[in-house]
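Quick notes on the structure that follows.
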Amino acid sequence: MRKLLLISLLLVPLAALAPREVPLVSNTEPLLFTTTPPPPPHPVALRRVLSGLERPTSIVHAGDGRLFITEQGGLIRIVEGSRLRAEPFLDVRSLVTSGGEQGLLGLAFHPRYAQNGLFFVDYTNHTGAVTVARYRVSADPNRADPGSARVLLTVPKPFGNHNGGQLAFGPNGYLYAGIGDGGGGGDPMCLAQQGTTLLGKILRLDVNANTDSPPFYGIPPGNPFQGSHPMPDEVWAFGLRNPWRFSFDRRTGDLYISDVGQDLREEIDFQPARSPGGQNYGWKVLEGTFCFSTAACPASTPPCGSPQITLPTLEYRHTSEGECSVTGGFVYRGATLPHAYGFYFFGDLCNGRIWSAERRGSSWQVRELPERARFLTTFGEDRGGELYLATLDGVLYQLVPEHPVDTVGLYDPARSRFLLKNLHLAGAADRIVRFGPARSGWLPVAGDWNGDGRTTIGLYDPGTSRFRLKNALAGGAADILVTVVSPSPGALPLAGDWDGDGDDSIGLYDPATSTFYLKNSITNGGFEISFVFGTGGLPIAGDWDGNGRDTVGLYSPAQSIFRFKNSLSGGAVDAQVRFGPAGGGRLPLAGDWDGDGRDSIGLYDPATSTFSLKNTIRRGPADLQFQSGAPRAGWKPVAGEW
């Protein structure tokens, strides 16, 4: 077995109780996790929310703004914002055996919790058995009723490790429960493949049946093994070693199962939402894609290499960096990380490495986050789909952008409204702001006018050379009025942080003379900076080199070439890139689409209402492409951190 790293470390197997079993054959299939060369780290960071937890094991929401965190010893704690409530939501310490891999391990709120107040917990009882129980909230929304307990399942185990512990409701409203193989070294009785036990399985229960009488659940009609099959009716999938954490993609319903490995490999299993269940994920015949053993397994157990075994979607090898135990996470479906929407996040308990996995057709691109969270026990999501994680030393973190991330928007001049997106996804606007008169001929700008870290909107009136700027994404009158000395009636507005002070200011570009006019303060009058650059085109502004100051660029529609300056001065081009087809009326925009601290470019095609965005200023296809808005002439693109 795997060597003991920390005697009390959650999830890591106990000290070598049995010799390592010799693999049946050498498996030469390449690791699904391997990427050569490795892609750059994903620009996602960890924000410390709070500390003071006692060995957290799961993070759950109940459909409101609170987070509920289970502690291994038997408490459920409530987090409100960045505050940990002193009084626990539920105290089951008197029922729980805690230590090693045992304790209060899982929590799930009923999909109709707001109406019925029911929730479910998973813990190891005083005999070491895995226990699934139901509780009800009291009249106080921050306190459960301890007297409402109803035990649904008690699953005896031969050893203290490998308890599983995850509970989660699927999109069908059924409760899924992960049960480990019973522990010991190498599943000595091959319980994960046995049909005489619930160990080494994922169960699916209908908790809306038999609610008032034992066993307080029913068998969903679609369960794959109900009836005369030797596998128990409750079983949804089997062949699992220790499915410590699993989760459903809240958008697609797909199931991601992280199964903790033995000595060599950690795996992520994938089950599509359309699956009828019944998968055999291979343990102990396989550890990941490595042939392990069939000792003590039933005669019906498929051999290594059998198509009856579902191989992992992702796996990684234990290396000298100290990987030991996979901690499964979630597919990100929040709004704070638009560049990571749809990515699956997971990590390793021992060395705290965290990865994101992006599906690209039939393959995956895996990136490592720049930060680590050593002794990473669990991930969780809030009601909005934002992701959190917790570590054994009691710290709660949120996944946030390493740098601010920009998304796109459109200005509709006919109705003078801004249609803004929170994510790089096709579909309708997430927010609509009406500002200014309709059909006025005014031109849109976007910037952070007050330095609060959020982009807002503005309009420029060429007839009066006046900027009207908003400090909030709301209708009504302008918050700032600025009249400038315009070089010509055809001057085009732009905005940027020209001096790096954290506040955006305004500028104009005169196509007739190829001259930029820029202001470092939002004040009336002339411009502090002016210089000639290029020979015409459409202006953009951005921080191309990541130094904290915006400079300018020009887009030539006829050639579809972007030209950039890294300083606010005339002279030669510092960078140039061809992007997109020439001609066609496409309009340029710029923003930091992936949170790496550098702005890049994009194009908006009014004819098809398509945004095409690049994450680097390099020649090649778009990294992001999606449709938003209506295909209308006259609409103008904007970008910002809304």
Side-chain angles (χ1 to χ4, degrees), residues 1-2 13 17-27 29 128-130 132 153-164 176-205 219-220 222-244 246 255 257-265 267 269-271 275-312 315:
M1 282 197 70
R2 177 183 310 165
L17 300 176
R20 173 73 167 100
E21 296 187 39
V22 178
L24 298 179
V25 296
S26 175
N27 192 321
E29 184 174 326
V130 172
V132 177
L153 286 172
T154 302
V155 184
K157 295 172 65 267
F159 301 98
N161 56 336
H162 301 182
N163 301 286
Y176 292 71
I179 313 292
D181 67 3
D187 193 5
M189 293 173 278
C190 198
L191 296 175
Q193 294 291 328
Q194 299 279 2
T196 58
T197 177
L198 298 179
L199 296 173
K201 317 294 193 296
I202 287 183
L203 315 181
R204 188 171 78 153
L205 312 176
I219 304 300
N223 273 19
F225 300 117
Q226 59 181 317
S228 59
H229 196 282
M231 196 69 71
D233 292 352
E234 291 89 345
V235 173
W236 176 252
F238 66 104
L240 294 154
R241 182 176 181 273
N242 191 22
W244 165 239
F246 61 79
L255 176 61
I257 308 164
S258 68
D259 197 17
V260 178
Q262 178 80 13
D263 285 336
L264 299 179
R265 301 189 182 187
E267 70 180 75
D269 299 310
F270 173 79
Q271 187 183 96
S275 169
Q279 284 87 348
N280 181 353
Y281 288 109
W283 176 252
K284 72 177 187 173
V285 179
L286 291 171
E287 179 188 3
T289 56
F290 191 84
C291 296
F292 189 81
S293 172
T294 56
C297 292
S300 60
T301 301
C304 182
S306 169
Q308 297 178 51
I309 294 177
T310 301
L311 295 177
E315 64 177 346

Rounded distance [0.5 Å steps], OG1 in Thr196 versus CG in Leu191: 7.0 Å
Flag side-chain contact, heavy atom, 4.5 Å: Phe225 against Phe238: yes
Short side-chain to backbone donor-acceptor contact, Asn242 and Gly164, under 3.5 Å: yes
Closest heavy-atom pair and its distance - Thr154, Ala129: CG2-CB, 3.6 Å
Partner residues of Thr310 under the side-chain contact (heavy atoms from CB on, under 4.5 Å) criterion, sequence neighbours left out: Gln279, Tyr281
Which atom of Thr197 lies closest to which atom of Leu199, heavy atoms considered: OG1-N, 3.1 Å
Minimum heavy-atom distance between Pro224 and Gly278, given as atom pair plus value: CG-N, 3.4 Å
Sidechain N-carboxylate O distance under 4.0 Å for Glu287, Arg265: no
Lys201 (side chain) donor-acceptor with Leu203 (main chain) under 3.5 angstrom: no
Pairwise side-chain contact, Pro312 with Asp259, heavy-atom cut-off 4.5 Å (strictly under): no
Gap separating the CG atom of Asn223 from the CD atom of Glu234, nearest 0.5 angstrom: 8.0 Å
For Pro243 against Gly180, the heavy-atom pair lying closest together: CD-CA, 4.0 Å
Closest non-hydrogen atom pair, Gly183 against Pro188: O-CD, 3.7 Å
Distance-only side-chain donor-acceptor flag, Asp181 / Trp283, under 3.5 Å: yes
Pro303 side chain reached by Thr294 side chain, heavy atoms, under 4.5 Å: no
Check: Leu286 and Phe292 side chains under 4.5 Å, non-hydrogen atoms: no
Donor-acceptor pair, side chain of Glu267 and main chain of Gly288, under 3.5 angstrom: yes
Check: Ser258 main-chain N/O paired with Asp269 side-chain donor or acceptor under 3.5 Å: no
Main-chain N/O of Met189 paired to Lys284 side chain as donor or acceptor, under 3.5 Å: no
Close side-chain approach of Leu153 to Leu198, heavy-atom, < 4.5 Å: yes
Residue pair Phe246 / Leu255, side-chain heavy-atom distance below 4.5 Å: yes
Donor-acceptor contact present, side-chain Asp187 to main-chain Arg241, <3.5 Å: no
Closest non-hydrogen atom pair between Leu240 and Ala237, with its separation: CD1-O, 4.5 Å
side-chain contact (heavy atoms from CB on, under 4.5 Å) partners of Pro302, counting only residues at least two apart: Gln193, Asn280, Ser306, Gln308, Ile309
